[in-house]
Number of protein chains: 2
Amino acid sequence: MLSRVSSPVGSREARAEARVETRRRQILDAATRIMIRTGYHEMSMQAVAEDAGMSVGLIYQYFGGKQEVLRAVIVDILDAFRAEVPAAMSAAGDDPQAQLAAGFAAFCAVIDEKRAGALLAYRESQTLDAAGQAEIIRLEQETIDPFRAAVEAGIASGVFRPVPADLVAHNLKLAAHGWALKHWDVGARLDLAAYVQAELDLHLAAIRA
Amino acid sequence: MLSRVSSPVGSREARAEARVETRRRQILDAATRIMIRTGYHEMSMQAVAEDAGMSVGLIYQYFGGKQEVLRAVIVDILDAFRAEVPAAMSAAGDDPQAQLAAGFAAFCAVIDEKRAGALLAYRESQTLDAAGQAEIIRLEQETIDPFRAAVEAGIASGVFRPVPADLVAHNLKLAAHGWALKHWDVGARLDLAAYVQAELDLHLAAIRA
DNA sequence: ATTCAATGAATAGGCGTTCAATCAGTCCGC
DNA sequence: GCGGACTGATTGAACGCCTATTCATTGAAT
């Protein structure tokens, strides 16, 4: 194409792009709602169309097919983690312990907010093809890498004893996921704040020098 | 019915029962193999029949339907955990630390052996109806209750500081599951023994008085 | 007049489940 | 022993249902 060079703001192209974004979001939101209720395999494209207030055919204008919708839904959820956890940690100052506490609390908060979506990402991610799975792994590692970095900084400064930093990051991630995965169990006894507090106490005690 | 009172060993009834068990196992093994490869929804009953070396119709003689096959496969896997973990712990003597170490090692060993099956149980258990899910929750709690008991014993005897015992049990379970869930990540850096060792070090350090 | 978003009926394929038919032992009267 | 019911295991083609995807057509904006 390469038609117009430097299209003006508010141009036809810009409006079109905005409409595309709106449509994709409508579809993603509808698909997320339905999948949370029924899971991927029980979600019919007709149901997504109805929930999104459009026709089936239109979905295929914005996504390649059912599996691409799934991939987009999962990436959408994981993106929230990737955006918020590192942000919370760098806002927490220089103390590794404070960073870990802030990052873990943020992680759990996002998980709590989107509990159903987080579970969805968990259980449906193996439905994706290899490329989709690789993308998910990348997003997840980007999310927890700040944990690893904070632990290493703490070891270097002597606040923490020498422990495998990546394993600690892995454990913190598991504990955050655990709030969603085993909510039927843990959630019956603790609220979110208490869970975060108790888990932090344990995980920090495990590594303190 | 109530035909024969006290049927002799090797009677018609006994042989029939043995055959039923053989058949159910053939079906379960075939279904497990296929689901590990493709997942529940992509598993067709025709494929199970072929893999098990029998006809489709026969499966319906031994199981009520596809979902009942799934339930049996999952229960079969969780049963291995429930059998081995408590056994390892009570064989480990009276010291709570030794008990936790033995139980955790056994848990991880079974997970490692049946990694694909454990993941399967994880992924597909939400496909079950309410009764099936309740059974799974029951099996899981039975498996990890010895962890809780050991932690409480340790607190009572002063080896451990006062921590929420059920949360520690929950964390140990997560760490064991983590070996399967995040094997693509952790397994690249550690072997099973090293993982068990490192996790135990962290989890025990977290609770030691 | 042209472009492109939007529709939704029709297509095509897959699969869980059923069931009438077949097969293989077991029992019993002779 | 022996043949002929009888019982229960086994088969697999056929049925019925469901849904992802397509595409000829319509509608609206430029």
Side-chain angles (χ1 to χ4, degrees), chain A residues 1-4 7-8 10-27 30-31 34-35 37-73 124 127-129 132, chain B residues 1-4 7-8 10-27 30-31 34-35 37-73 124 127-129 132:
Chain A
M1 287 295 152
L2 284 175
S3 45
R4 229 151 290 234
S7 46
S11 69
R12 202 173 332 134
E13 286 84 358
R15 265 173 295 142
E17 206 175 308
R19 192 166 24 72
V20 169
E21 264 323 295
T22 313
R23 285 302 200 197
R24 288 181 61 97
R25 180 115 313 273
Q26 285 175 340
I27 296 167
I34 291 176
M35 274 198 262
R37 214 171 37 245
T38 71
Y40 172 72
H41 293 279
E42 276 67 32
M43 171 187 87
S44 78
M45 295 299 265
Q46 343 274 332
V48 176
E50 194 184 346
D51 189 293
M54 66 184 66
S55 65
V56 224
L58 196 55
I59 298 178
Y60 286 84
Q61 297 271 330
Y62 296 95
F63 292 95
K66 193 181 174 184
Q67 172 156 311
E68 206 193 300
V69 173
L70 172 64
R71 191 226 289 241
V73 165
E124 304 294 0
T127 314
L128 261 35
D129 56 24
Chain B
M1 288 294 154
L2 284 176
S3 45
R4 231 152 288 234
S7 46
S11 68
R12 198 175 336 130
E13 286 84 357
R15 267 173 295 144
E17 207 175 308
R19 193 167 25 72
V20 168
E21 265 322 296
T22 313
R23 284 305 199 195
R24 288 182 59 99
R25 180 114 312 272
Q26 285 175 341
I27 296 166
I34 292 176
M35 274 197 263
R37 213 172 38 247
T38 71
Y40 172 72
H41 294 278
E42 276 68 33
M43 170 188 88
S44 78
M45 296 299 267
Q46 343 273 332
V48 176
E50 194 183 345
D51 189 293
M54 65 184 68
S55 64
V56 223
L58 195 55
I59 297 177
Y60 287 83
Q61 296 273 331
Y62 295 96
F63 292 95
K66 192 182 175 184
Q67 171 156 311
E68 206 192 301
V69 173
L70 171 63
R71 192 226 285 242
V73 165
E124 305 293 359
T127 313
L128 261 35
D129 57 22

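It should be emphasised that the depicted structure is a prediction, and the values quoted were computed from it without experimental measurement. Letters go in sequence order (proteins before strands), and every chain restarts at 1. The figures that follow rest on heavy atoms only: side chains count, while hydrogens, waters and symmetry mates do not.
- OP1 or OP2 of D/dT10 lies within a sub-4.0 Å distance of a side-chain N or O belonging to B/Arg23.
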Using side-chain contact (heavy atoms from CB on, under 4.5 Å), reason through B/Leu70 and B/Thr127 one step at a time and then give a plain yes or no. CA-CA 9 Å; B/Leu70 171 63; B/Thr127 313; 3.9 Å; yes
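- Across the protein-nucleic acid pair, B/Glu21 atom CD and D/dA9 atom C1' stand 17 Å apart, rounded to whole Å.
- Between the A/Thr38 side chain and the A/Met35 main chain, no donor and acceptor come within less than 3.5 Å of each other.
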Sequence-aligned protein contact record of nucleotides 8-18 of chain C, with B where the base is within under 4.0 Å of a protein heavy atom and S where only the sugar-phosphate is: B-------BBB
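- B/Lys66 forms no cation-pi arrangement with B/Tyr60, by the criterion of a distance under 6.0 Å to the ring centre and an angle within 45° of the ring axis.
- Across all strands, A/Tyr62 comes closer than 4.0 Å only to sugar-phosphate atoms, never to a base (heavy-atom distances).
- In this structure, the CZ atom of A/Arg24 is 16 Å from the C1' atom of C/dA5, given to the nearest Å.
- Proximity of a side-chain donor or acceptor of B/Arg24 to a complementary backbone N or O of B/Tyr62 within less than 3.5 Å is detected.
- Distance, A/Gln26 CD to C/dA5 P: 14 Å, rounded to whole Å.
- In this structure, A/Ile59 places its CD1 atom 18 Å from P of D/dC23, rounding to the nearest Å.
- Proximity of a side-chain donor or acceptor of A/Glu68 to a complementary backbone N or O of A/Phe63 within less than 3.5 Å is not detected.
- Distance, B/Ile27 CD1 to D/dA9 C1': 12 Å, rounded to whole Å.
- Within 6.0 Å of CD in A/Glu42 there are more than 12 heavy atoms belonging to other residues, nucleotides or ligands.
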